[in-house]
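Below is one structure; the comments refer to it alone.
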Amino acid sequence: MKKSLIANPAARLNILVVILFGIFFSTQAPGQTRINDTTMADEAQGENWLAFGRTYSEQRFSPLTQINQDNVGGLNLDWYIDLPDSRSLVSTPLVVDGTMYFISSMNIVRAVDATSGDELWRYDPQVAQHAARRMRAGWDNSRGIGLWEDKVFVATWDGRLIGINRFSGEEVWTTQTIDPELAMYITGAPKVFKGKVLIGNGGTENGPNRGYVTAYQADTGEEAWKFWIVPGNPADGFEDAAMEMAAETWTGEWWRHGGGGNAWHGFTYDAELDQIYIGTGNGSPWNHKIRSPDGGDNLFLCSVVALDPDTGEYLWHYQTVPGETWDYNSNMDIVLADLTIDGEQVKALMHAPKNGFFYVINRENGELISAEKFTEVTWASNIDMATGKPVELPGQRYLDAPALVAPTPIGGHSWHAMSYNPNTGLVYIPTIHWAASWDDEGYDLTGFQSEQWKVHFGVDMAITGNSTRPDGVQGTLQAWDPVRREQVWEIPSDGVWDAGTLTTASNLLFQGKANGQIRAYNALTGDQLWEEALGLGISAPPITYSVDGRQYVGILVGWGGSLAALGGQPMADYGWAYGDHARRLYAFSLDGSMAIPPSAPPRIPTPLASSDFIVDTDLAVKGATNYAEACVACHGFETVSSGMAPDLRASGTILSSGAFEQVVRGGALSENGMPPFSEFSDQQLEVIRHYIRQQVELALATPQ
Ligand code: CA
């Protein structure tokens, strides 16, 4: 039963006050910024950071110029706060009238004074109580929150979307956006536009799931519309004409596998053309031969889909990878800009998805303007401009033999935000240069059936961890010219997994790095102008804002995202051992005078030797399979933790069957984010212990 606010006389009075207040102050009195379609589309105001990508355009470009090329070298720490209850921090904070809102581990939302960090309120959605086994997917990451008028919106791991009063921190409404039986989850930021809140979900790899996005009324949480990304079983009837059209591009009994396409990131509202763009996910399972055995493009996988923001009705789409089979989803940022191409102004959208091509698309009709490789690409030679489709290279689909393919499922570019500076005309992209091997030999392609809550791809994939470049560089920050379709400059990194970018009207570019440094560059030339070491791998993008005439650069520091969980040894080598390093929110300014607070030095955990545990090789082999299905996503490839969860090779808990049972089956550490695996048998628990201890022995036998 829903409570009616209007039935409450006090609430009625409040509403009256709000209406009168709105009449008197609707011309944006200082300190009372309205958060609506007008202000979120306003590129000129720089004090606030109202939306995920600052404004609706998702450019992450700020007009603020107090911090400039000449003085950025003197940027100093103004304030910071410790976030001891956090692990992964990957989100973009939002700022309104001197208040900063941000989401941290376990989806806890805080409002703090943006000039001091003093906490105003904290909202804890009690994720551990709600999420249970859903914590097995999307481990601890949330990329952000949304704002609209007097509310802030948080989407939780377990699929709830919650509206909170942004002045009091009180919950106003909550709604469940995911069937609790399905292995789906939310890591994305809600996208707010026209009084609606849009949210998608992840889960393509966690079971036979079917992706969708849902829009809710910002005031009440009532569902406004839903758009399914892939068609269901035709026998059940299609939800709309778009699904009927999409079904023509699938073969076999695709619905048995869910189809996937989950939209977990990459939503952009276009206030000028009044369209919402959805970046869609890859197929479930990954292997196209299983999912759609007689071929087919599989709409609307790996696409940018334009929808009517009022109804969710399909308008147009552009598919980046027809018949996708390498986890090349199109969930990356969709950035809007007016570009002058061949002398004509084009309303463009820019998109650099996992597959390694940089796309410029006419957003009035979805027509491809250009597509160029921004990293090493082996799966296609080019995009045919006549058809808009990729020209694939032979052997890359692992049809009859294994294949080595670039980019990898981590992407040539992942969700780490790219930014666009209209002054320089350049896009700034964190780029990865890796290849992966693919092999489905031995798979029962016709009998394959994925299950909820088990990670399955329908193919073996291994990232080589070697660079695809002659110079061996694995990660770069690059400036890309979307009009001339070429790279302008690049800066090699000392690894991969650097975070998203921010650019300003002073032609500055800011980025946090996996090695713990935050840097500022000249956005035109790539020359480095400033650097601070913040004591922990950075995975969140910086923001900038201004209060009382002082410009700040803010950033969350907390190692996170998929590679920080499952990346194995290359990520472990950064030394961000689980639990060692302070998680913090930092704000810098030219008037700042604080020293960077100390942090623990990098450390690589040492596997725990024990002569008491005798490894049984047969059990360890069985354990490897169980580990890959249940544990790898958080505890890391081949049991090497990359830092977001404990390194099990260093854990004494593994040595005790009783302690192991309490944690894994009993959920003793669920408040820390360790989900209970209550369905595990004694045998499963035992074989996993043998596999982990086998990996310890292998590590101890290998000379360092
Ligand atoms: Ca995926």
Side-chain angles (χ1 to χ4, degrees), residues 90 134 136-139 141 143 157 178 182-188 200-213 229-230 254 257-267 278-292 298-305 319-334 351-357 379 398 405-416 432 434 436 438 440 448 450-463 497 560-567 628-629 632-634 637:
V90 300
R134 184 165 284 110
R136 298 172 191 185
W139 164 236
N141 298 305
R143 284 179 300 277
W157 217 344
I178 288 171
L182 304 182
M184 302 209 293
Y185 58 89
I186 299 176
T187 54
N201 44 65
T204 302
E205 283 79 18
N206 302 86
N209 292 317
R210 182 185 176 204
Y212 59 87
V213 295
I229 292 162
V230 295
W254 72 84
H257 307 290
N262 298 67
W264 48 267
H265 186 74
F267 309 144
I278 313 287
T280 69
N282 55 282
S284 177
W286 286 359
N287 194 335
H288 187 235
K289 285 181 256 182
I290 295 173
R291 193 177 70 231
S292 193
N298 296 176
L299 292 174
F300 293 101
L301 296 181
C302 309
S303 301
V304 175
V305 183
Q319 188 175 43
T320 54
V321 190
E324 192 280 329
T325 200
W326 307 276
D327 188 25
Y328 285 160
N329 58 53
S330 253
N331 296 114
M332 286 70 229
D333 320 312
I334 297 167
H351 185 50
K354 280 185 181 181
N355 75 16
F357 284 93
W379 68 277
Y398 52 91
V405 186
T408 73
I410 299 301
H413 167 228
S414 188
W415 50 267
H416 296 116
I432 296 173
W434 270 355
W438 296 84
D440 66 4
F448 179 92
S450 60
E451 292 173 54
Q452 295 291 345
W453 308 104
K454 284 187 178 177
V455 176
H456 276 302
F457 306 143
V459 55
D460 290 338
M461 185 282 302
I463 294 173
W497 213 235
S562 60
L563 269 191
L566 56 73
E629 287 175 353
V632 69
C634 302
F637 185 62

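In each ligand, atom 1 is the first atom listed, and ligand 1 is the first ligand listed. In what follows, residues are counted from 1 in the order of the sequence shown. Everything numeric here is computed off the predicted structure, so don't read it as measured data. The figures that follow rest on heavy atoms only: side chains count, while hydrogens, waters and symmetry mates do not.
- Phe457 and Trp286 have parallel rings, their planes meeting at less than 30° on a 0 to 90° scale where 60° marks the start of perpendicular.
- Of the possible donor and acceptor atoms, none in the side chain of Lys289 sits under 3.5 Å from a partner among the backbone N and O of Gly458.
- Applying the salt bridge (Lys or Arg N to Asp or Glu O under 4.0 Å) rule to Arg143 yields no partners; only residues at least two apart in sequence or on another chain are considered.
- A donor-acceptor pair under 3.5 Å is absent between the side-chain atoms of His456 and the main chain of Ser450, judged by distance alone.
- For Asp327, the N/O/S atom at the shortest distance from the Ca ion (ligand 1) is named OD1.
- Among the backbone and side-chain atoms of Asn262, none of the N, O or S atoms lies under 3.0 Å from the Ca ion (ligand 1).
- Taking the N/O/S atoms of Glu205 in turn, the shortest distance to the Ca ion (ligand 1) belongs to OE2.
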